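Data first, discussion second: the structure below is written as structure tokens.
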Amino acid sequence: MSSYLLRRLLYMVLILAAASLFIFALYALMPGDFVSGNLRLSAERKAELREIFGLNKPLLERYGTWMNQALHGNFGFSLAQQKPVVTLFNEYVWNSFLLAIVSTFFTWLIAVIIGVISAYKQYSIFDTLVMIFIFAAMSIPSFFIGLFLIKVLAVDLKWLPPGGMTTTGSNATGIAYIREVLDHMILPVVVMTLLGVDSLTRYFRSNMLDVIRQEYIRTARAKGLKERVILYRHALRNALLPAITLVGFELPGLFGGSLIIEKIFNWPGIGQLYMQSFTVRDYPLLMGFTMFIAILTVIGTLISDMLYRVADPRIKL
Amino acid sequence: MASISGGAVELKRSQAVPVRSSLWRQAMLRLRKNKLAMSGLGFIIFMFLICFIGPLFSPYADGKIDTANMYSAPSWEHWLGTDLLGRDMMTRLLQAGRISLTVGFASMCISVLIGSILGAIAGYYRGIVDQVIMRVADLLLTIPSLPILFILGALLSEWKVPTEYRMYIVMLMLSFVGWPGLARLVRSQMLSVREREFMQAATVLGLDDRRKLFHHMLPNIIPLLIVVATLNIGGSILYESVLSFFGLGVMPPTPTWGNMIDSANNLIDFEQHPWLWIPPGAAIFTTVIAINIFGDGLRDVLDPKQKK
Amino acid sequence: MNKKLIFSFLAFSITSSLFLAACTNQNDAVTTSGEAASAGNGAGVAQETPLSEQGLTKLQLARDITKLPEQAKKRTDTIIVGLTDPSGAFTPYFHQSGYDGNVSSILYASLVTVDDKGMPIPDLAEKWEVSDDQLTYTYHLRKDLTFSDGSPLTADDVAFTWTLLHDKVYDGGSLIPELHIKGGQAYKEGKAESIEGIKVIDPQTVSVTLEKPNATALTTLGGEILSKAYYGKDYAFGELDYIKKLHENPVGTGPYKLEKFLPGQEVRFVANEYYYQGKPKVEHFIYKTTEGDTLQFIETGEQDFGGFSATKENIDKLTGLGFLDLLPYTANNYGYIQFNLEYAPLKDKAVRQALTYGLDRKTIYVDTSQGAAQIANIPASPVSWSYTEEGINTYDYDPEKANQLLEDAGWIKGADGIREKDGQKLTLHFIGSKSKATDVFIAVAKENYAAIGVKLEAEQFADFNAQIAKFESGDFDLVSFSTPILTDPSDGVVAFVNGEVKGYDNPKVKELYEKGLATSEIEERKAIYKELYQVINDDLPYIFTSYKKSLYAFNGRIENLTVSPFRGISANIHNWELK
């Protein structure tokens, strides 16, 4: 196990190195750069600025400089925002994380409950309703669900705030501040949960159906065990095991932010920052963020594999 | 813990000589008896037919712009109203269905095929093959989609690929980049199936790799693949509108369900012109439901673990 | 599977966010006009032209102020305005985004500003002189000016600001380094300790000498002033990184000073008691970051002011809310489709005219935007004093005439219905950004051009940068753009004379352009521009498309609210009152 871990860690470093080169090349090949979109600048000034920003250097040299700095923990300054990239992350990423972690929790909770019940009562009315609901959520783009909720709950009924993380101009602190943020979180979390819950429910339901049909469940029934014991002690556990491997994959999503939710609900998250940086080709920020997500992805896959091993000890790694 | 007798059933089946055809025939027979699944299939066929044939009977099939009729609500002349340019929504909805259905099914097939084959090979052979496939998958997982779409757009434009074909090329390329998630899932299921007792039995019996892989292991992951595939179709139909967004999808004025929904994405359209987004939304919704009902039925008859 | 879903989910998110961005472009109008003040050359006079026949033409007051939402009622000393994306770099000359420019225009006053007609007027400088050779500018500061930290503002600060911008590592967008101040280049190269052309005459007076005359120098130089004591404390030549640390703690001269910046949420301001025109009447001002639609924030009273496209539906909706004043405006710029004049068929003026006659611009720009636009025929907006319709061909949609022109030019319809000449088919390759407006253009233009035997092949690009890259490669026949906010009429035509429009070279246009800049007599200039517009209107290097109409909607309790076409809300914000 430990030698396997060691080998995987080594691979991780190699993959990240390859990924960084690949990602750097991708961004560099994108049409346009930080200077090109500014129509007010003369051609000479553009050339001068490219020199100052180092955009005119050969790709490999730029990559070298960037890598060198990154290895020293310096991810550079955002060109558009004039701040260290790391500071910017800090300002935005936690807001995204807050939404993601809460909605992931609810997504899993709801998916497990619904998935199990609807599998257990396959083809019942409950099962049918749940499936119809899930497909409806899948067929309608999330901005519609978001707009609809804002329209009904915020604009018409005024039960919830229409967006943002706090009330504009509010000076609340302590408990009052937390309450305010919670109020503002409800709508985005509901939409995010709705979006995530459909595929996960399907997944659990399918797993659960698999498990219920296994012989050991029949055996348990034959032994006269109570249905509840069978369901929770035997079936649910086994149905959950494969899902554990998905946990690792959630990792990058927790920090990646969600563009659409943040946009619709005006949430100050990293997804919006990324999109803005993208439109102006703010390379230091784009690279920094993408590498950050790449690292989380690689760690996430490793965690998944490890958990899988824990979930099913027969599997040799 | 695993299904000993399930394995035994497998063995019995594969030992019988004319197994294959009779198994299939049996499955199809059972499927035909499943009324719900058949109605799902019927609806999908109906959807295809009406989308491909329907517009031929429409007086508005040429998509002519009619500024006198902008945003008119559903009426006798225009059953589903008209859009911003006064075009008949009903006709556009059906024309859109042609592309959306084609794209949805095609891209589902490609990505499920690539993902499951690579995943299965990795999970079955292990060792160096597994390492190579999974490490490439790891690498691909780290790559952000946004710059890829931008670069593809620039490249396809530079190579002068006609705009009509771009979407298919892009979908194909995205499937090539997008397989790792499914491959990992399939692989992990394969790893689990591989350790089941019936596989050890198969090895003891000296069955060859191909037979073990395709006759014994893949059938065990088919339920999973069906779930993924049916989920995937709805996603692909909507995904097309994302591609259009980057100038990589279909070009206006050609409609698709995805871009029809997307074009009504503000509060005003949402409130005041519901006929712009309800029909395409309903079309995607009913199609996805039909596919899933059919998928469920198919899954039930093909699942080796299930016995009626 | 999960990853796959995340992947597609991300992509969906992207779509819609871009869509939303496209829908709320109107917010940018506030930005750009604010920015134009420091960039423009303000040598002209503008004139209010009534908006077209339909829609709003003047300020419409709130019908029923009692409908004002609770939340807005409760605010008695704060006004909240939406702003797309302030990033925190609030030092003038050093920000890279126009939104930060909006913030700094509230925090900093300029030496010289422009009035609603684009004419220079005093701000921090009470008067100025320009030498007869147009090379030396002398600015006289008001007495007793103070920065927001209470320290005095003197000519030294002005000289310091100009010098700083000549540093070799200065990477901002200021045009001051491009004015060719005498000795500026030597300073930039490190050959001189200071800039020869900048002279501090006394604490109230500073002068600057240029190497060559420049009509835009007065307002460009007359920008915001940085405190030498604050921003110059750590300055060493070739080292400007320290300024980045000061971005979020600005020391300014404007009506408001920064109270707090919450990234991605708000920029809070508090009235500046040292402001030379007196402390603003409303104690607090907030720029709220609003990425998406501002409508829901206006409707719930969380925001007091927002910009919208002047569509009929928007006007009806906003009027219906009852508590909003609506102020219509037409931005001082124009939209156009540029021909690739290096593509042989388009070198022929008759073909360009045919393509203009054959394009139903009314449907594309006016009808589909429900009246939120007006058709353009010249390179100037109806807001500008130079605008004229005299002797201007309006190229009303006329496919017969277009057909005739093409026929006469030797383009004959082939078997497939597409015109040919010398074996070449008349196909046009259009590029545009991906937006709803472009979708409409492509749908209509394809049909229009098919009717005159021209094949249109359209391509859309994901964002502006991608479109620019394609444009610069020269691989296009038609491309759709709009100009930035124009301050002087010369800004609207400069592209035709400086080689920016490749392949266009008309000596008459050049001559008239020079003539238009050589005098500052408005009536004389009007006549020159009229002639120039007539030439261009006939030549058609562009198909002029539209002037966008927008409107500001704001809480009816705000009094004295005006918006400058050049400087946005910052011009008059100190006079706003909350009743």
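All values derive from a computational prediction rather than experimental measurement. Here is the naming used below: chain letters follow the sequence lines, and residue numbers restart at 1 for every chain. Side chains are part of it too, since the values below use all heavy atoms of this structure and drop only hydrogens, waters and symmetry mates.
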### Message
Heavy atom to heavy atom, less than 4.5 Å: which residues from residues 281-288 of chain A reach chain B?
### Response
A:Arg281
### Query
What distance do B:Leu140 atom CG and A:Ile15 atom CD1 have between them, rounded to the nearest 0.5 Å?
10.0 Å
### Query
Do A:Asp305 and B:Arg184 have side-chain heavy atoms sitting under 4.5 Å apart?
yes
#### Entry: Residue, of A:Leu209, A:Val298, A:Ile295, A:Leu16, that accumulates the most heavy atom pairs under 4.5 Å with chain B
A:Leu209
### Query
Is chain B contacted by the side chain of A:Tyr274, its backbone, both, or neither, given a heavy-atom distance below 4.5 Å?
side chain
### Message
Restricting to non-hydrogen atoms, name the atom on A:Ala19 and the atom on B:Thr142 that form the minimum distance, rounded to 0.1 Å.
### Response
CB-OG1, 3.4 Å
### Task
Would you indicate whether A:Phe22, at its atom CZ, is surrounded by more than 12 heavy atoms from other residues, nucleotides or ligands within a distance under 6.0 Å?
no
### Task
Please say whether more than 12 non-hydrogen atoms of neighbouring residues, nucleotides or ligands are located less than 6.0 Å from CZ in A:Phe133.
no
### Query
Does any heavy atom of chain B fall under 4.5 Å from the side chain of A:Ile23, the backbone, both, or neither of them?
side chain
### Task
Calculate, to the nearest 0.5 Å, the distance between atoms OG1 and CZ belonging to A:Thr301 and B:Arg135 respectively.
7.5 Å
### Query
Got a sec: does the CG of A:Leu157 have more than 12 other heavy atoms crowding it under 6.0 Å?
yes
### Query
How about B:Phe270: does its CZ atom have over 12 heavy atoms from other parts shown lying under 6.0 Å from it?
yes
### Separation of B:Ile293 CD1 from A:Ile132 CD1 (nearest 0.5 Å)
7.5 Å
### Query
Nearest 0.5 Å, what's the OG1-CG distance between A:Thr297 and B:Asp138?
9.5 Å
### Message
Less than 4.5 Å to any heavy atom of chain B: does that hold for the side chain of A:Ile150, its backbone, both, or neither?
### Response
neither
### Message
Looking at B:Lys160, I'd like to know if its NZ atom is crowded, meaning that more than 12 non-hydrogen atoms belonging to other residues, nucleotides or ligands lie closer than 6.0 Å.
### Response
yes
